[in-house]
2 protein chains.
Amino acid sequence: MTLSAVHARKRHAALTERSRETADLTLRLLEFMTLEPAPCGVTELSQQFGTSKATIHRHLRTLANREFVRQDPATLRYEPAIKLFQLGERLRERFGVLGAAREEMTRLREATGQAVTLSTLAEGRVVVLELVQGHTAVEFGIRPGTQMSLHASAHGKVALAFGPAALLERCLRGKLASTGPDAITDPAELKRQVEAIRQQGWATAANEVLFGMNALAAPVFDHRGAFAGALAIVGSTQFIDARPAAKQVALVRGAAARVSATLGWRPE
Amino acid sequence: MTLSAVHARKRHAALTERSRETADLTLRLLEFMTLEPAPCGVTELSQQFGTSKATIHRHLRTLANREFVRQDPATLRYEPAIKLFQLGERLRERFGVLGAAREEMTRLREATGQAVTLSTLAEGRVVVLELVQGHTAVEFGIRPGTQMSLHASAHGKVALAFGPAALLERCLRGKLASTGPDAITDPAELKRQVEAIRQQGWATAANEVLFGMNALAAPVFDHRGAFAGALAIVGSTQFIDARPAAKQVALVRGAAARVSATLGWRPE
DNA sequence: GAACGTTGTTTCGTTTAACGGAACATCGCC
DNA sequence: GGCGATGTTCCGTTAAACGAAACAACGTTC
């Protein structure tokens, strides 16, 4: 092995997978274009990724052949195609908790008048799976696909309290970024709160994500008793107090428990 | 050039992009795994795609590095990761008609009691963008991401009537597959119906998708007057008659018109 | 209206990285 | 304990990805 080869190998290992792989560029392109708000041009992308226009063009063609992206006939620019959305929806349906929760979500909305959200824990991330709009005048827009912070949201704190222990440990080790006015930033305080949430079986997060907003979340478990997600009502602090009404707590916990039961969970 | 090389070249041209491109395999893998209901194994995939296990493994690693797929630590099998869902949701939000319609959709649901769906026309396909659940006991599950047939659904027929003329032409030339009990299969009949829909400004499709189900759809236009999608109520034929009540028609058409207005459309 | 500066696209020879066979490391099962 | 699965790694071969440069099709500018 030559010296430069050794260096190349080292660099490879060091950067933990550089853009060595060609397919990798295709994936990066797809992701970039999806996060970009407007269609992208070949030249623009070639500058962005530091490669030639020819390469970008070839990759876009590959993506277009599989209908992952499309080219606007008028502007000649490229953008993600509808297929990506359709595949994403397919993936959503994989989460059993969603099917089990839908009915209960609308019922909870009727009972509370507030918007209802369902989240799940996937790959260590809390992601909103579904939203049922509330009946209030102003609506908070926690759209499906949104990723909630672990330490500064009701969904996240429920996941910390009832999800795998490793998740909490990792979260406590990391930096607790302040995502909103009243977000928790002290690890000790977080640990204390999570413990309380585990005891009481529900969590709130007033002014943690957005000022004036609160959520009340309860855990859902699957047939093995493993954490499957969180069900929550979300709305103005005017309707969901930092110390929520006993009735609201009972409604959310009840709904979550019934979803758990649908998933085959049986309380010991 | 050898003879086999000539053949290979010919095959390449004939099949209009075979699996020549390597990135192409990555995309096919991603799509296949998403449509598959359960996680996939390397061996299984290598048989499915007719390549070596080594190749499949390398591609899966590439996908995993970008977090498009994940490997179940327990079973070692691979499945699409949550990122795909998140990207799909990003894409959905690109459709302006969705943001403009959300409020009106819940209002229409309140007024009619039926489930409300919004579709758009993307790359010649009618795709359901959003669903607002109804208040009825049994719910029809037209989930977001679903692709509706052009000729045998209310959404599709509205697209044919108010979308680009080329779409209708192409549809009339193709075969009209029967997707439900009362689906239209005769091109002449379809042409006649589409004409009527264009005149009256709305469409129904009783028993076309599913027996006992009907939908009532009206078109939405953007600021340029171009077809932007369709708004519909969907429910049992018990509630939405094949000849729907005048009030229902007025409600749906009114809602669609207000969404159009939000998009900047002004009636001449 | 001709010259220019864009854009996306194509070609082509070089070189890199994708390829598959085979060996390897685990695991579960009989 | 050996068998038959699995997923993973290695390595020499070769095919396909690469970038430079030429190209074609617009818009703009002087």
Side-chain angles (χ1 to χ4, degrees), chain A residues 1-2 4-13 15-30 33 38-66 69-79, chain B residues 1-13 15-30 33 36 38-66 69-79:
Chain A
M1 195 185 277
T2 68
S4 69
V6 171
H7 281 165
R9 174 88 27 145
K10 261 192 178 165
R11 192 151 39 97
H12 181 64
L15 296 181
T16 328
E17 310 306 327
R18 244 193 63 74
S19 67
R20 285 265 152 268
E21 332 256 0
T22 56
D24 186 75
L25 177 58
T26 304
L27 295 175
R28 275 156 58 211
L29 271 169
L30 183 62
M33 292 172 70
C40 301
V42 172
T43 310
E44 170 195 351
L45 289 169
S46 74
Q47 289 163 358
Q48 185 72 33
F49 288 90
T51 57
S52 69
K53 288 203 294 177
T55 299
I56 295 292
H57 181 256
R58 185 160 20 79
H59 281 255
L60 287 174
R61 279 280 301 255
T62 306
L63 282 162
N65 280 333
R66 288 286 158 207
V69 306
R70 64 174 227 104
Q71 183 176 32
D72 190 318
T75 64
L76 297 182
R77 298 169 79 84
Y78 291 85
E79 65 181 329
Chain B
M1 196 186 278
T2 68
L3 213 145
S4 69
V6 170
H7 282 164
R9 174 83 33 141
K10 260 192 178 164
R11 195 150 38 96
H12 179 60
L15 296 180
T16 329
E17 312 304 327
R18 244 193 65 73
S19 66
R20 286 267 151 265
E21 332 255 0
T22 56
D24 186 76
L25 176 58
T26 305
L27 295 176
R28 274 157 58 211
L29 271 170
L30 183 62
M33 292 172 69
E36 207 67 6
C40 301
V42 173
T43 310
E44 171 195 350
L45 290 169
S46 73
Q47 289 164 357
Q48 184 72 34
F49 288 90
T51 56
S52 68
K53 288 202 296 177
T55 299
I56 295 292
H57 181 256
R58 186 160 18 82
H59 280 255
L60 287 174
R61 279 281 301 255
T62 306
L63 282 162
N65 280 332
R66 288 287 157 206
V69 306
R70 64 175 226 103
Q71 183 176 32
D72 189 318
T75 65
L76 297 182
R77 297 169 79 83
Y78 291 85
E79 65 180 330

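Keep in mind it's a predicted model, so treat the numbers as computed, not measured. Below, read A as the first sequence line, B as the second, and so on, with proteins coming before strands; counting in each chain starts at 1.
Toward the 5′ end of DNA chain C lies the nearest nucleotide of Cys40(A), the other residue of the pair Cys40(A) and Ala23(A) mapping further downstream. In this structure, Thr51(B) and Gly41(A) both approach DNA chain C, and ranking their closest nucleotides by distance from the 5' end singles out Gly41(A).
A heavy-atom distance below 4.5 Å is found between the side chains of Met33(A) and Leu60(A).
Nucleotide dA17(C) holds its P atom 17 Å from the CD atom of Glu21(B), rounded to whole Å. Atom CG in Asp24(A) sits roughly 20 Å away from atom P in dA16(D) (whole-Å rounding). Taking atom NE2 of residue His57(B) and atom C1' of nucleotide dT8(D), one finds them 5 Å apart after rounding to whole Å. Between the CZ atom of Arg58(A) and the C1' atom of dT16(C) there is a distance of 12 Å, given to the nearest Å. Between Ile56(B) atom CD1 and dA18(C) atom P there is a gap of 14 Å when expressed in whole angstrom units. Rounded to whole angstrom, the span from the CG atom of Leu25(B) across to the P atom of dA15(D) amounts to 17 Å. The distance between atom CG of Leu60(A) and atom P of dT7(C), rounded to the nearest whole Å, is 15 Å. Rounded to whole Å, the distance from CZ on Arg61(A) to P on dC18(D) is 15 Å.
Ranking dT8(D), dC19(C), dG21(C) by closeness to the Lys53(B) side chain, first place goes to dT8(D). Closest approach to the Thr43(B) side chain among dA17(D), dG8(C), dT6(D) is made by dT6(D) (side chain taken as heavy atoms from C-beta onward).
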Between side-chain atoms of residues 44-52 of chain A and protein atoms elsewhere (two or more places apart, or another chain), which donor-acceptor pairs fall under 3.5 Å?
{"from": "Glu44(A)", "atom 1": "OE1", "to": "Gly41(A)", "atom 2": "N", "distance (Å)": "3.2"}
{"from": "Glu44(A)", "atom 1": "OE1", "to": "Arg77(A)", "atom 2": "NH2", "distance (Å)": "2.9"}
{"from": "Ser46(A)", "atom 1": "OG", "to": "Thr43(A)", "atom 2": "O", "distance (Å)": "2.7"}
{"from": "Ser52(A)", "atom 1": "OG", "to": "Thr55(A)", "atom 2": "N", "distance (Å)": "3.2"}
{"from": "Ser52(A)", "atom 1": "OG", "to": "Thr55(A)", "atom 2": "OG1", "distance (Å)": "3.0"}

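The minimum heavy-atom distance linking Asp24(A) with Thr62(B) is given by the pair N-CG2, 3.6 Å. In terms of heavy atoms, His59(B) sits closest to Thr22(B) at CE1-O, 3.1 Å.
Remark: Gln71(B), Leu76(B), Tyr78(B) in residues 71-79 of chain B come within less than 4.0 Å of DNA chain D through at least one heavy atom.
Between Thr22(A) and the phosphate of dA16(D), there is no side-chain N or O to OP1/OP2 separation shorter than 4.0 Å. Of the side-chain N and O atoms in His59(B), one or more sit less than 4.0 angstrom from OP1 or OP2 of dC19(C).
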